[in-house]
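Structure first, then comments.
A, B, ... follow the sequence lines: proteins, then strands. Residue 1 opens every chain.
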Number of protein chains: 2
Amino acid sequence: MGLREVNAARTRELILDAALELFVDRGYDATTMEHVAEHAGIGTSTLYRYFPSKDQLVIEPLALQGHLSAALLARPEEEPLDVALGHAVISLIEAPRADQQRLAKIDAAVASSDALQVRLNEMFVHVRRELAEAIGARLGRPGTDPYCIATAGLTTLVLELAADPENDATIVLDAEAVVTRARALFRSLADEPPTSPRLPE
Amino acid sequence: MGLREVNAARTRELILDAALELFVDRGYDATTMEHVAEHAGIGTSTLYRYFPSKDQLVIEPLALQGHLSAALLARPEEEPLDVALGHAVISLIEAPRADQQRLAKIDAAVASSDALQVRLNEMFVHVRRELAEAIGARLGRPGTDPYCIATAGLTTLVLELAADPENDATIVLDAEAVVTRARALFRSLADEPPTSPRLPE
DNA sequence: TCCCGACGTGGTAGTCACTTCCACTTCGGG
DNA sequence: CCCGAAGTGGAAGTGACTACCACGTCGGGA
């Protein structure tokens, strides 16, 4: 690894530290990209070369994208899907993905901006799509298969419920209840008496 | 209703028609708010007074926000929750929410822009939150209750699966097809329940 | 009927995220 | 040590969105 790559990695960390410090200090929305660049001691165009958008300064160090699907694919083939998903979810939650201090700062940054919270939700949707793809790969089906999407949806739902400190995580531990509930719901929706949809023309 | 309100309503429709025409014609991203204002024959600041953001020009006429939760709340109290949810979903899918021509234009607009598709997902998350609140109200629990969130999540998941243009591009425009497809989907999911992660230990 | 206050309009100037372009510096292989 | 390649940062520009303000229009009361 040449000096260029080392410098790039150092600059990257430098930018992240500078950015998160400002975000915590004055809030995400009140911090401009010029502030970040100045505080990191670089030019704004260089900043944009490292992080193509402002929100990446928060999303990237979270290191969630791709990890759930990767964790699933890392499980042995012969493991039943639900068990493998369980391990994947747990490993993701337990993994000290980044040092705690940075995670705490990210938390504060997210709390300071509605736009960022929206951005986080968007990321969850992305993760769900990735996971659906991974499940599809495991089952030899397309990732757009409704079964794959539904399973991925349930799993990320569980993850969301577990990740939000606002909830008590009891429902997470009772995954069986979630499945039962889901099946009943789907069946009741399928059994609705046919009412005739009316379209003009 | 005074002349002012009549004019305001007319201007509103005028803007929407102008905007959607431009979006379909040259794409959402390539259309600036100035273009829209000029094409509607008004000033840009007036445009912003009617629609506080560009995406509202597409999101608002979709008229989805609030409708699912309203449909649930309209069901009789004594109906079991899952049955009530079934009715709510079906009624939402069946409702000819806006004239088909405008929906078709919206579809084309959304297809023309990644940013808009992201925005749509965001709206789905919003709908989910609203539904969780409505479920909570029905059960006498807070809307942040994990059970409410999980149920809302499952329901919007079903809605997304049925309506997602990725599954079948023509479905959005054809309510009858959506209902048929949704029923089949529900049935298959009930028969082959999605796997929820079974957590170790 | 006219008039005055309230409301709606649109223009100007500004902020900020983000892009493009270009001259300059630094790196590292030959 | 030198030259091409890669990285840097400044400048100028675009577009969404905001704040402000002078002007015109509406509609109730005199």
Worksheet item: Under 3.5 Å, side chain of K105(A) to main-chain N/O of D17(A), donor-acceptor pair present?
Response: no
Practice prompt. Strictly below 4.0 Å, heavy-atom distances to any atom of DNA chain C: list the hits from residues 29-44 of chain B, or just say none.
Written response: I42(B), G43(B)
Worksheet entry | Stretch residues 50-59 of chain A: residues that reach within less than 4.0 Å of DNA chain C through a heavy atom | P52(A), S53(A), K54(A)
Item to complete: Any pair with a residue in residues 4-56 of chain A that passes ring pair (Phe, Tyr, Trp, His ring centres under 6.0 Å), sequence neighbours left out, goes on the list, sorted by first then second residue, please.
Response: F23(A)-Y28(A)
Practice prompt. Taking salt bridge (charged side-chain N to carboxylate O under 4.0 Å, His left out) as the test, write out the residues that go with R49(A), two or more places apart.
Written response: none
Worksheet item: Got a sec, which residues hit side chain to side chain donor-acceptor pair (under 3.5 Å) with T46(A), two or more places apart in sequence or on another chain?
Response: none
Discussion item. Nearest whole Å is fine: how far is dC27(C) C1' from N7(A) CG?
Written reply: 9 Å
Worksheet item: Do E122(A) and R119(A) sit within salt-bridge range, that is, some charged N less than 4.0 Å from a carboxylate O?
Response: yes
Fill in: Rounded distance (Å) that lies between atom C1' of dC7(C) and atom CD of E5(B)
11 Å
Worksheet item: Can you tell which of dT18(D), dC27(C), dG10(C) lies closest to the side chain of Y48(B)?
Response: dT18(D)
Worksheet item: With a 4.0 Å cut-off, would you call E60(A) and R12(A) a salt bridge?
Response: yes
Discussion item. Looking at G66(A), is its backbone amide N or carbonyl O close enough to the side chain of E130(A) to form a donor-acceptor pair, meaning the two atoms are under 3.5 Å apart?
Written reply: yes
Fill in: Pair E21(A) + R26(A), salt bridge at N-O below 4.0 Å
no
Worksheet item: Hey, what do you get for CG (L81(B)) to OG1 (T155(B)), rounding to the nearest 0.5 Å?
Response: 7.5 Å
Discussion item. Does a side-chain N or O of T46(B) approach OP1 or OP2 of dG10(C) to a distance below 4.0 Å, or not?
Written reply: yes
Interface polar pairs with nucleotides 21-25 of chain D, N/O, under 3.5 angstrom:
unit_1	atom_1	unit_2	atom_2	d
dT25(D)	O2	R4(B)	NH2	3.2

Worksheet item: Whole Å only: how far is the CG atom of L47(A) from the C1' atom of dG7(D)?
Response: 15 Å
Worksheet item: So does R102(B) pair up with E13(B), basic N to acidic O under 4.0 Å?
Response: yes
Fill in: Gap between atom CG of D25(A) and atom OG1 of T31(A) - 0.5 Å precision
8.0 Å
